[in-house]
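Structure first, commentary second.
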Amino acid sequence: REPGPGELRCARTKKIGQAMTMDPFGDAVGAWIMENISKESWEDWMEMSIKLINELRLDLGDGSAQKVYDDHMRDFLGIPVTVFELRDAE
C-alpha cells in the first residue's frame with residue numbers, strides 16, 4: 001500500500017510510518033529527516049543517541065564530538081553525506 005495522509009515510507013526501514021510533525025533541527029538535515037524518516041525511526045534514534053552520548057561521553061558543545069554524533073546519526077538513519085554538506089554551507 002501507499003502512504004496515506006500523515007504517513008510516509010521511511011528511508012531507514014522502508015516501511016510506512018507516521019510522518020514527523022516537527023523539524024528536529026531547522027536546517028537541511030532537519031528538512032531531509034522530515035521528508036524521509038518516520039516518527040518511529042526518529043524515536044529509535046533518540047533512544048540510541050542517549051546511549052551514544054553517555055557511552056562515548058560526548059560533549060555536544062565541542063565541534064569534534066558533534067561530528068561524531070552527526071556521523072552516527074547519518075549512519076543510523078541513512079542520511080546522505082550531501083545533506084550534511086548542504087547544512088554546513090548554510
Side-chain angles (χ1 to χ4, degrees):
R1 80 178 178 93
E2 290 301 310
E7 296 180 324
L8 56 75
R9 186 165 306 276
C10 181
R12 176 177 169 256
T13 64
K14 310 297 186 237
K15 296 179 181 178
I16 294 173
Q18 284 186 308
M20 293 180 51
T21 57
M22 190 176 86
D23 182 334
F25 298 112
D27 59 17
V29 173
W32 189 93
I33 290 169
M34 287 279 299
E35 293 171 11
N36 296 282
I37 298 298
S38 68
K39 181 179 175 188
E40 297 84 359
S41 282
W42 181 252
E43 289 170 354
D44 290 346
W45 167 246
M46 289 285 83
E47 272 186 46
M48 181 61 70
S49 71
I50 292 167
K51 293 175 187 175
L52 176 74
I53 291 166
N54 289 336
E55 289 177 14
L56 299 182
R57 299 175 188 225
L58 297 178
D59 172 4
L60 297 180
D62 174 51
S64 61
Q66 183 66 53
K67 180 166 179 3
V68 169
Y69 179 89
D70 287 350
D71 289 347
H72 281 277
M73 178 174 64
R74 188 185 71 232
D75 292 343
F76 186 87
L77 296 174
I79 303 171
V81 173
T82 54
V83 175
F84 283 89
E85 291 168 354
L86 283 172
R87 180 198 65 187
D88 294 342
E90 289 179 344

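Since the structure is predicted, the reported quantities are computational estimates derived from the model, not experimental observations.
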Original post:
Thinking salt bridges, do D71 and K67 make one under a 4.0 Å N-O criterion?
Top reply: yes
Original post:
Do the side chains of T13 and E40 get nearer than 4.5 Å, heavy atoms only?
Top reply: no
Subject >> Taking every non-hydrogen atom, the tightest pair across R1 and R9 >> reply: O-NH2, 2.9 Å
Original post:
Transitively linked via ILVMFWY side-chain contacts under 4.5 Å: L77 with M46?
Top reply: yes
Original post:
V81, L86: one ILVMFWY side-chain cluster at the under-4.5 Å cut-off?
Top reply: no
**OP:** With the side chain counted from C-beta on, respond yes when L58 and H72 share a heavy-atom pair under 4.5 Å apart, and no when they do not.
**Re:** no
Original post:
CG/L8 to OG/S41 distance, rounded to the nearest 0.5 angstrom?
Top reply: 9.0 Å
**OP:** Apply the ring-ring contact (aromatic ring centres under 6.0 Å, His included) test between Y69 and each candidate in W45, F84, F76; give the one that qualifies.
**Re:** W45
Table please: side-chain donor-acceptor pairs of residues 15-23 below 3.5 Å, with sequence neighbours left out.
from : atom 1 : to  : atom 2 : distance (Å)
D23  : OD1    : F25 : N      : 2.9
D23  : OD1    : G26 : N      : 2.8

**OP:** Any chance you could measure S38, atom OG, to I33, atom CD1, to the nearest 0.5 Å?
**Re:** 11.5 Å
Original post:
So if you build clusters from Ile, Leu, Val, Met, Phe, Trp, Tyr with side-chain heavy-atom gaps below 4.5 Å, do I37 and V29 land together?
Top reply: yes
Subject >> Gap between atom CE of M73 and atom CE of M48 - 0.5 Å precision >> reply: 14.0 Å
Subject >> Over all atoms of both residues, closest heavy-atom pair of G78 and W32 >> reply: O-CH2, 3.6 Å
